[in-house]
Asks: 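Here it is, the structure, as structure tokens.
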Amino acid sequence: MEIRALFFASYKEILGTEELRVDLPSGATVADFLEELRSRGGAFTVLPEIPAVAVNMAYSDPSLALSDGDEVALIPPVAGG
Amino acid sequence: MEIRALFFASYKEILGTEELRVDLPSGATVADFLEELRSRGGAFTVLPEIPAVAVNMAYSDPSLALSDGDEVALIPPVAGG
Amino acid sequence: MTVPFTRIVKDPIDPAGLLASVGSDADGASMLFTGVVRNHNQGRVVGGVRYDVYEEMATGILAQIAEEAKQLVGIDHIAVVHRVGELTVGDVSVAIAVSSPHRAEAFEACRFIIEEIKKRLPVWKKERYGDSVEEWVEGITPVGVPTSRVGRS
Amino acid sequence: MTVPFTRIVKDPIDPAGLLASVGSDADGASMLFTGVVRNHNQGRVVGGVRYDVYEEMATGILAQIAEEAKQLVGIDHIAVVHRVGELTVGDVSVAIAVSSPHRAEAFEACRFIIEEIKKRLPVWKKERYGDSVEEWVEGITPVGVPTSRVGRS
């Protein structure tokens with residue numbers, strides 16, 4: 001299945017990109033998705049081990065199972081207001 | 001000594017006046033002042049027995065000794081804001 | 001403008017202007033609280049209100065309250081205006097503007113000021129219901145206020 | 001206007017207009033909180049800031065926060081606007097306007113909303129110091145947020 005990965009703020013700068021398509025086996029979880037990113041090496045290893053993640057715009061646990069077409073955003077610590 | 005007595009809001013309406021001069025013996029307290037008013041009978045007996053009182057614009061206890069020329073205001077329950 | 005700025009006024013209050021007056025480039029939070037004349041109270045339809053005031057004392061107490069707020073939270077960007085006289089529904093009766101580096105102080109100062117106004121500002125409100133019925137709104141007896149004396153001697 | 005009203009915007013915010021939009025004749029208290037870009041942070045001189053945003057999610061979260069505030073205090077006269085993009089010192093970054101029959105609810109709603117924004121609105125702030133130095137402001141990791149899923153199926 002294909003996941004749409006989004007990166008913002010400092011993560012976007014670290015990775016040099018704001019969006020990636022990530023192929024994952026069916027049944028993969030958020031944790032699997034993060035592991036897949038880290039396995040790419042380079043800047044991806046600089047990200048926090050367990051960053052906050054939003055799946056389809058809802059904050060989600062690493063154990064959540066993903067579905068084809070999900071939008072998964074890595075959320076740096078927020079600083080609004 | 002002479003005290004300047006002020007009345008506001010409901011008290012002013014009850015008494016039909018907003019200001020009185022009250023003669024008191026030297027050494028009289030706020031409590032004496034209130035007793036003098038009540039002794040006038042009529043509308044004065046309708047006032048609360050111990051209303052809030054401000055002496056020279058500071059909230060004061062009934063035990064406070066007054067001085068000639070003091071301004072003593074009877075303060076109905078306040079409703080600002 | 002002295003800080004804190006406090007006034008008892010008879011004319012309409014300009015809340016936005018008051019808020020603008022307290023801000024500074026060092027402040028990250030600005031707050032405005034306004035009390036507004038409501039069209040109802042305790043189940044009755046209110047057409048308007050009239051505030052009576054012990055003006056000279058109220059002026060002093062309002063300054064005192066703002067000064068206490070300043071001491072409480074350590075900021076002096078505070079402005080408070082209370083209107084008296086005849087007001088109609090929707091009119092602003094009181095406006096409190098506070099500006100501070102961080103939000104907690106602004107909230108605390110603003111809340112302190114409105115609560116103290118309710119407790120001890122010598123102001124009284126008479127509500128008008130319908131065409132002719134008027135009643136003084138039940139108020140709060142000022143208590144626990146320090147018995148200090150402003151001497152004249 | 002839907003209630004509560006919430007928006008993520010790129011243009012300047014009009015706080016006074018927002019406050020005016022939430023009032024009604026039944027409300028006795030109106031409050032406005034504004035977050036403002038400060039000229040300093042943690043001992044450094046700030047020249048301006050840039051807010052990055054996950055716009056679609058932030059729009060949803062802001063609406064969620066306002067809805068939670070509405071449930072919490074039982075009032076729906078709430079308007080919240082957060083600005084993103086380039087802001088300079090003195091610019092309003094967030095404005096929260098609340099109007100309610102009594103003051104306690106207005107204070108509670110206003111405080112709840114700004115605290116929740118700080119905890120979970122997907123917005124990030126980069127401060128500019130001097131001519132070229134820029135840094136992301138240390139933020140708050142969203143935690144304790146209910147793990148609910150907006151499905152696409």
Side-chain angles (χ1 to χ4, degrees), chain C residues 13-20 22-43 45-49 77 87-115 117-118 125 127 137, chain D residues 13-20 22-43 45-49 77 87-115 117-118 125 127 137:
Chain C
I13 294 173
D14 170 20
L18 200 72
L19 184 61
V22 295
S24 93
D25 282 354
D27 292 331
S30 284
M31 274 187 85
L32 174 68
F33 174 88
T34 61
V36 183
V37 178
R38 280 184 297 159
N39 63 4
H40 66 99
N41 191 22
Q42 308 205 322
V45 175
V46 175
V49 304
H77 294 165
L87 278 74
T88 189
V89 169
D91 280 351
V92 171
S93 55
V94 61
I96 303 166
V98 179
S99 188
S100 63
H102 302 284
R103 68 191 179 281
E105 291 84 354
F107 273 96
E108 191 179 359
C110 209
R111 188 66 188 263
F112 174 84
I113 290 166
I114 186 62
E115 297 302 330
I117 284 174
K118 298 263 179 192
K125 180 161 62 171
E127 288 179 339
V137 172
Chain D
I13 295 172
D14 170 20
L18 201 71
L19 184 61
V22 295
S24 94
D25 282 353
D27 292 332
S30 284
M31 274 188 85
L32 175 68
F33 174 87
T34 60
V36 183
V37 179
R38 281 185 295 160
N39 63 5
H40 66 98
N41 191 21
Q42 310 203 322
V45 174
V46 175
V49 304
H77 295 164
L87 278 73
T88 188
V89 171
D91 280 351
V92 170
S93 54
V94 62
I96 303 166
V98 179
S99 189
S100 64
H102 301 284
R103 66 189 181 284
E105 292 83 354
F107 272 96
E108 191 178 358
C110 208
R111 188 66 187 264
F112 174 84
I113 290 166
I114 185 64
E115 298 302 329
I117 284 174
K118 298 265 178 190
K125 178 160 64 170
E127 288 180 338
V137 172

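Lettering follows sequence order; numbering is per chain, from 1.
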Asks: Ignoring hydrogens and angles, tell me if any N or O in the side chain of C/S30 forms a donor-acceptor pair with the backbone of D/T34 under 3.5 Å.
Replies: no

Asks: Give the minimum heavy-atom separation between D/V36 and C/D27, together with the two atoms involved.
Replies: CB-O, 3.7 Å

Asks: So which residue, C/G35, C/A29, C/S93, C/A26, ends up with the most heavy-atom pairs under 4.5 Å with chain D?
Replies: C/A26

Asks: Which region of C/A104, side chain (C-beta onward) or backbone (N, CA, C, O), has a non-hydrogen atom less than 4.5 Å from a non-hydrogen atom of chain D, or is it both or neither?
Replies: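 Contact with chain D is through both the backbone and side chain of C/A104.
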
Asks: Shorter than 4.5 Å, heavy atoms on both sides: which option in C/H40, C/R111, C/M31 has the most such pairs with chain D?
Replies: C/R111

Asks: Need one label for C/I96: side chain, backbone, both or neither, based on atoms under 4.5 Å from any heavy atom in chain D.
Replies: neither

Asks: Picking from C/A95, C/A106, C/A20, C/P101, which has the most non-hydrogen pairs under 4.5 angstrom with chain D?
Replies: C/P101

Asks: Counting heavy-atom pairs under 4.5 Å to chain C, which of D/G28, D/A16, D/G90, D/S99 comes out on top?
Replies: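 Winner by heavy-atom pair count: D/G28.
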
Asks: Do you know which two heavy atoms are closest between C/R103 and D/I114, and how far apart they sit?
Replies: CD-CG1, 3.7 Å

Asks: Tell me, for C/D25 versus chain D, whether the close heavy atoms (under 4.5 Å) come from the side chain, the backbone, both or neither.
Replies: both

